[in-house]
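By convention in this document, chain letters (A, B, ...) are assigned in the order of the sequence lines, proteins followed by strands, and residues within each chain are numbered from 1.
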Protein chains: 2
Amino acid sequence: MKDTKRDILDAAEQLFAAKGPHATSLRQIIGRAKVNLAAVHYHFGSKESLLQSVMARRLVPLNAERLALLEEQERACGRRAVPLQKVLAALVGPALRLSRNPKKGGAVFMQLLGRCFMEPDLKIQAMLDRQLQEVASRFIPALQRALPKLPEEDFFWRIHFLVGAMAHTMADAERLRTFSGGRCNPDDTEAMIEQLVNFLSAGFKAKSR
Amino acid sequence: MKDTKRDILDAAEQLFAAKGPHATSLRQIIGRAKVNLAAVHYHFGSKESLLQSVMARRLVPLNAERLALLEEQERACGRRAVPLQKVLAALVGPALRLSRNPKKGGAVFMQLLGRCFMEPDLKIQAMLDRQLQEVASRFIPALQRALPKLPEEDFFWRIHFLVGAMAHTMADAERLRTFSGGRCNPDDTEAMIEQLVNFLSAGFKAKSR
DNA sequence: AATTTTTTCAAACGTTCGTATGAATCAGGT
DNA sequence: ACCTGATTCATACGAACGTTTGAAAAAATT
């Protein structure tokens with residue numbers, strides 16, 4: 001039996017990720033999904049809410065996993081602050097790990113998520129903000145508790161740099177393969193997570209100037 | 001006297017930066033520049049080469065400044081390696097500083113540059129690669145000399161994170177103002193450069209795992 | 001002043017976009 | 001077998017897109 005809705009979501013995810021939501025037309029999507037053009041509006045209402053559905057399908061479980069990991073660490077630490085590395089790993093780990101799971105969109109969705117971070121379109125921005133608000137509201141205090149001596153100004157700048165490094169890694173890790181002349185392998189996700197967490201935690205721990 | 005070519009470049013720069021090149025139409029550009037639609041094709045040939053011209057106008061002097069700064073540091077250091085902070089400052093400083101110069105596009109162009117870094121479009125990617133190749137070929141050896149003990153794999157990962165943090169800071173520093181609740185001020189470019197260089201150099205110096 | 005070259009302009013080209021419509025087809029319950 | 005609601009389909013709509021054209025206007029050259 002044929003699951004039109006899922007076919008559309010899969011095709012849209014791939015094309016949005018590869019070319020950006022704005023540069024992808026519904027006709028390309030329905031061509032890949034092998035469904036009728038009107039099916040998109042029947043099942044999703046509009047292109048914009050199709051994008052929203054594509055994102056939500058992966059982001060909802062992803063964010064749940066992030067929060068669960070963080071809570072697990074907090075339970076393990078009692079009333080002590082969770083170490084910085086653990087907080088960062090809970091934040092970036094599930095996202096980067098998702099890329100190794102082809103059944104859940106694999107690298108494709110990660111790329112799309114990275115793209116949406118950088119997308120100028122205000123509708124997309126608002127949609128993403130909504131999806132990430134809960135994660136932010138839990139992780140920022142956790143990070144602050146792990147870095148009690150860091151001035152707030154430095155702290156927020158470094159959050160900003162974290163987002164940039166993470167988004168770029170999500171959107172275009174593949175680029176690094178050729179750029180590094182094959183020395184870096186983006187398919188080795190655990191190594192990638194370790195590299196990113198290691199880099200970020202050193203950056204966060206830099207002494208304020 | 002009216003300088004059509006410059007009016008088009010200015011308007012295109014602003015709109016490309018604000019909405020992304022793909023989401024900006026020629027009709028929006030000529031509306032802001034108050035010129036005729038055909039003038040774009042008369043002066044630039046196509047939308048794509050208009051974007052190329054917009055980028056080149058700022059990037060050529062910007063990259064020259066980066067290389068000059070690096071060479072100055074190398075001269076000052078004799079045959080010793082240039083310290084990491086100095087290399088990073090020569091790389092990100094001119095770009096971030098450009099944002100304080102409204103006569104040269106100010107924050108607007110920086111935002112566009114950040115966007116183009118993340119742009120999926122292959123034409124744009126190729127154009128940017130061309131513009132940045134010389135800078136990359138000079139700065140990568142300089143960075144490697146400043147970090148002689150860092151394994152190459154780690155080195156290239158960290159270059160990747162650097163690009164992400166820098167691009168995000170260029171594209172959307174403004175977002176940090178509200179996100180930080182006013183604690184960070186993206187208009188203070190020197191502070192921004194210092195924050196970024198400080199963060200990056202700590203990340204680069206993190207011990208390999 | 002006449003001629004040539006460069007620049008501007010209004011109008012249109014063909015294409016593609018997201019969306020809408022109404023009929024055809026299918027599935028499940030009665 | 002019949003009906004009913006859900007889904008698919010071909011087709012069309014108006015709008016916007018990048019690009020082209022050929023003539024008018026302006027500037028430069030002679």
Side-chain angles (χ1 to χ4, degrees), chain A residues 1-57 112 115-116 119-128, chain B residues 1-57 112 115-116 119-128:
Chain A
M1 174 213 160
K2 142 179 230 268
D3 188 340
T4 303
K5 217 162 163 175
R6 204 157 66 90
D7 291 343
I8 294 175
L9 283 174
D10 288 342
E13 183 174 63
Q14 292 167 32
L15 289 166
F16 282 161
K19 317 168 53 150
H22 222 104
T24 301
S25 74
L26 290 182
R27 284 168 174 84
Q28 295 170 316
I29 294 172
I30 62 114
R32 175 172 300 217
K34 294 186 172 50
V35 301
N36 188 272
L37 175 57
V40 175
H41 290 86
Y42 176 76
H43 287 287
F44 299 96
S46 70
K47 183 184 179 180
E48 186 193 323
S49 70
L50 168 61
L51 174 60
Q52 169 126 15
S53 298
V54 169
M55 299 301 292
R57 176 171 64 150
L112 173 58
R115 289 223 191 294
C116 287
E119 185 69 38
D121 189 280
L122 292 178
K123 295 279 185 63
I124 295 181
Q125 277 305 326
M127 182 267 290
L128 209 61
Chain B
M1 174 209 161
K2 149 178 224 274
D3 187 341
T4 303
K5 217 162 163 176
R6 204 158 64 92
D7 291 344
I8 294 174
L9 283 174
D10 289 342
E13 183 174 63
Q14 292 167 31
L15 289 166
F16 283 160
K19 319 167 56 151
H22 223 105
T24 301
S25 74
L26 290 182
R27 284 169 174 82
Q28 294 171 314
I29 293 171
I30 61 114
R32 174 171 300 216
K34 294 189 171 49
V35 301
N36 187 271
L37 175 56
V40 175
H41 291 86
Y42 176 76
H43 287 286
F44 299 97
S46 70
K47 182 184 180 180
E48 185 193 324
S49 70
L50 168 61
L51 174 61
Q52 168 127 14
S53 298
V54 168
M55 300 301 292
R57 175 170 66 151
L112 173 57
R115 290 223 190 294
C116 286
E119 184 68 39
D121 188 280
L122 291 179
K123 295 278 184 65
I124 295 180
Q125 277 304 326
M127 182 266 291
L128 209 60

When you list every nucleotide of DNA chain D with an atom under 4.0 Å from a heavy atom of chain B, which one comes first 5' to 3', and which comes last?
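The footprint of chain B covers dC17(D) to dT21(D).
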
Just N and O in the side chain of His43(B): are any of them under 4.0 Å from OP1 or OP2 of dT8(C)?
yes

Any Asn36(B) side-chain nitrogen or oxygen under 4.0 Å from OP1 or OP2 of dA10(C)
yes

Using whole Å, report how far [atom1] of [X] lies from [atom2] of [N].
{"X": "His41(A)", "N": "dG22(C)", "atom1": "NE2", "atom2": "C1'", "answer": "16 Å"}
{"X": "Lys19(A)", "N": "dT16(C)", "atom1": "NZ", "atom2": "C1'", "answer": "13 Å"}
{"X": "Lys34(B)", "N": "dT8(C)", "atom1": "NZ", "atom2": "C1'", "answer": "17 Å"}
{"X": "Ile8(A)", "N": "dG18(C)", "atom1": "CD1", "atom2": "P", "answer": "14 Å"}
{"X": "Leu26(A)", "N": "dG18(C)", "atom1": "CG", "atom2": "P", "answer": "4 Å"}
{"X": "Leu37(B)", "N": "dA11(C)", "atom1": "CG", "atom2": "P", "answer": "13 Å"}
{"X": "Asp121(A)", "N": "dG18(C)", "atom1": "CG", "atom2": "P", "answer": "13 Å"}

Looking only at atom types and distance, does a side-chain atom of [X] sit under 3.5 Å from a main-chain N or O of [Y], one as donor and one as acceptor?
{"X": "Thr24(A)", "Y": "Leu15(A)", "answer": "yes"}
{"X": "Arg115(A)", "Y": "Ala17(A)", "answer": "yes"}
{"X": "Lys47(A)", "Y": "Pro21(A)", "answer": "yes"}

State, to the nearest 10°, the angle formed by the axis through the first five base pairs of the helix from dA1(C)-dT30(D) to dT30(C)-dA1(D) and the axis through its last five.
10°

With nearest nucleotides of DNA chain C determined for Ala38(A) and Pro21(A) from heavy-atom distances, which residue corresponds to the more 5′ nucleotide?
Pro21(A)

Would you kindly compare Thr4(A) and His22(B) by the position of their nearest DNA chain D nucleotide and give the one closer to the 5′ end?
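It is Thr4(A) whose nearest nucleotide is closer to the 5' end.
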
Select from Arg27(A) and Ala39(A) the residue whose nearest nucleotide in DNA chain D is closer to the 5' end of that strand.
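Closer to the 5' end of DNA chain D: Ala39(A).
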
Could you pull out the closest heavy-atom pair between Gln28(B) and Ala23(B), with the gap in Å?
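Residues Gln28(B) and Ala23(B), closest heavy atoms: OE1-O, 3.7 Å.
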
Basic-acidic side-chain contact under 4.0 Å: Asp10(A), Arg57(A)
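Yes.
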
